[in-house]
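These numbers come from the heavy atoms of this one structure, side chains and all, not from hydrogens, waters or symmetry mates.
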Amino acid sequence: MNGSTTRLRKETLSSIVAMFAVKNSRLVTTYHLLMHKDGFKCTLCDVFSSPYSLSSHKIMKHRHSSTCTICERSFPSTTNFYQHVLTHEGIRPYKCDICGENFTQRSSVLRHRNTHPGPLPPFRETTFMADIAKNILMRLSNA
């Protein structure tokens, strides 16, 4: 590649970057002005500063896919729901392979394992939390 071709590519790239920055700055300004004017409104409860925070709010607060039959608490995620059901029964399905201590969440046992000295073997325990929770719910519905 000769010098003029390299220079042309750099100039083209620079102009593309400049156009992108100008276009985005207009979008950012428009977005910013809209935010001051009205905000982003949840039809059920509140106003948020961005469409992203509004979207996250709607998912976490207003879309409940699973409700606990024991305490009637709702959960947007099935995984969180199953994990919650286990707490009613006092079940701690994750066990530290080093010391045997039990935990309710995989992330908790992984964090705990780091308190043990020395190089640790990989954590290989597989727990089928959903199956355990479904069995509990089935037992409770038949009682």
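The ring-ring contact (aromatic ring centres under 6.0 Å, His included) check on F103 picks up H112, with sequence neighbours excluded. Qualifying side chain to side chain contact (heavy atoms under 4.5 Å, CB included) partners for P121, counting only residues two or more places apart in sequence or in other chains: D97, I98, R113. With sequence neighbours left out, T69 forms a side chain to side chain contact (heavy atoms under 4.5 Å, CB included) with L137. Taking I132 as the reference, L86, I91, P93, T127, I136 meet the side chain to side chain contact (heavy atoms under 4.5 Å, CB included) condition, with sequence neighbours excluded. With sequence neighbours excluded, no residue satisfies side-chain hydrogen bond (donor to acceptor under 3.5 Å, both in side chains) with T115. Partners of T87 by side chain to side chain contact (heavy atoms under 4.5 Å, CB included), not counting sequence neighbours, listed by chain and number: H84. Every residue was checked against the side-chain hydrogen bond (donor to acceptor under 3.5 Å, both in side chains) condition with E101, not counting sequence neighbours, and none meets it.
Atom-to-atom distance recorded for C68:SG and N80:CG is 12.5 Å, nearest 0.5 angstrom. T104 OG1 to Y94 OH: the interatomic distance, rounded to the nearest 0.5 Å, is 9.0 Å.
Contact between A133 and Y82 at its shortest, heavy atoms only, is CB-CD2, 3.5 Å. In terms of heavy-atom proximity, V109 sits nearest to F123 at CG1-CZ, 3.6 Å.
For residues 69-91, every residue pair satisfying the salt bridge (charged side-chain N to carboxylate O under 4.0 Å, His left out) rule, not counting sequence neighbours, is listed here: E89-R139. For the salt bridge (charged side-chain N to carboxylate O under 4.0 Å, His left out) condition, no pair includes a residue of residues 74-88, sequence neighbours left out.
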